[in-house]
Every structure is written in structure tokens, then in C-alpha cells.
Amino acid sequence: MARTEEAAAWFSAVYRAVQQVPVGKVTTYGHIALLLDHPERARQVGVCLKHLPSAPDPDDRYSQLFNGGNVPWQRIINSKGAISPRGPGGAQRQADVLTEEGVEVEYDGMEYRIKLGTFGWFPKALPSEDEAGSGDHC
DNA sequence: AGCATGACCATTT
DNA sequence: GAAATGGCCATGC
């Protein structure tokens, strides 16, 4: 796990944020980072999920707080709207779980992509660019 | 102790 | 618009 207190706090914060993602929806690493007010640490979000214990371990107290059972790691995808490739079979398992939850995932031959419009993920939410007011196209 | 790697992303060539 | 660039920082060697 984390070596420093601060890192530990970061891990916990990430897990808590991920827990907010509702069933049937997905969001991005970047969005999680954004929610935590650290838009530059999208990568660390991935690190956290990588180290998320898949199941609670009697000897590891922390794993009883956060684990694959209560943290929907599978609902986090990359900004391209695809499941980030990782070790063999990993992405596929994630795609599998998502499908179970009702999220439409399709394999285009190279990667598992989330079918947009079927669930409502927010790629770069945080817009509020004030663009709305104008109303005209760029 | 460094150095390399990685479930990433936005920006700049 | 694809490819490189810089930043992030926990882990592993």
C-alpha cells in the first residue's frame, strides 16, 4: 500500500470517490482525479485501482474497508471511452463485469469500448466553460 | 540510494 | 489529426 500518510489518504479518497459511481454508469480516471481536486493525478487513480485488493483479507484491515467488493473499480475507464488494457484477461474481465451491470461494451478488435449513449458517462465534465451563454457554434 | 514502469491525461508539435 | 512531451507518484528491481 501506500507508504506515506498522504499517499494513504489519497488512496482512500480515490476509493471513496469511485464508490460514488452508480451502477450502470462509468466514469473516467481523469474525472475521479478531478473530483479530488487533483486533475493532474489521473494516473495515480489508476495506480490505486491496480492495488485495490480484489477481496477482503482477514489479515489486512485496510482491505476490509476497501476491496473489489465495495469499490466498483470496473466502472472506471480511460478518457477515450475504452477499457485500459492491462495484464492479459484483465480488460476482458472488466468488460464482462460491466456487461453484467447493463453497460454496453463492444470489442472492436483491439480494445473494449464503451458504447456511448447507453449509460451516460461524463468524459470531461467540469465544462461550465461559460460557453452555454453564447449559444452559437464555435 | 536511484532508475524504470505504469488501470492516465491535457497540451503542444 | 496523429505523435511526441511533460507531469503525476506508488511500486519493484
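Within every chain, numbering begins at 1; the chains are lettered A, B, ... in the order of the sequence lines, protein sequences first and strands thereafter.
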Enquirer: Hey, could you give me the CZ/CD distance between A:Arg75 and A:Gln20, rounded to the nearest 0.5 Å?
Expert: 11.0 Å
Enquirer: Could you check how far CG of A:Leu35 sits from P of B:dC9, rounded to whole Å?
Expert: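 It works out to 13 Å between those atoms.
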Enquirer: Kindly give the atom pairs (protein nitrogen or oxygen, nucleotide nitrogen or oxygen) under 3.5 Å for nucleotides 4-8 of chain B.
Expert:
residue	atom	partner	partner atom	Å
B:dG6	N9	A:Arg43	NH2	3.0
B:dG6	N7	A:Arg43	NH2	2.6
B:dA7	N7	A:Lys50	N	2.8
B:dA7	N6	A:Leu49	O	2.8
B:dA7	N3	A:Tyr29	OH	3.2
B:dC8	OP1	A:Ser84	OG	2.8
B:dC8	N4	A:Arg43	NH1	3.0

Enquirer: Under the side chain to side chain contact (heavy atoms under 4.5 Å, CB included) rule, what do A:Ile83 and A:Leu98 come out as? Steps first, then yes or no, please.
Expert: CA-CA 10 Å; A:Ile83 293 176; A:Leu98 282 178; 4.2 Å; yes
Enquirer: Going by distance alone, is a donor N or O of one side chain under 3.5 Å from an acceptor N or O of the other, for A:Asn78 and A:Ser84?
Expert: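 Yes, side-chain donor-acceptor contact under 3.5 Å.
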Enquirer: Mind checking the C1' distance from B:dA10 to C:dG1? Whole angstroms is fine.
Expert: 15 Å
Enquirer: Determine whether a donor-acceptor pair (N or O, by modelled atom type, separation under 3.5 Å) exists between the side chain of A:Gln94 and the backbone of A:Gln74.
Expert: yes
Enquirer: Sequence neighbours left out, what pairs pass ring pair (Phe, Tyr, Trp, His ring centres under 6.0 Å) with at least one residue falling in residues 64-89 of chain A?
Expert: A:Tyr15-A:Phe66, A:Tyr62-A:Phe66
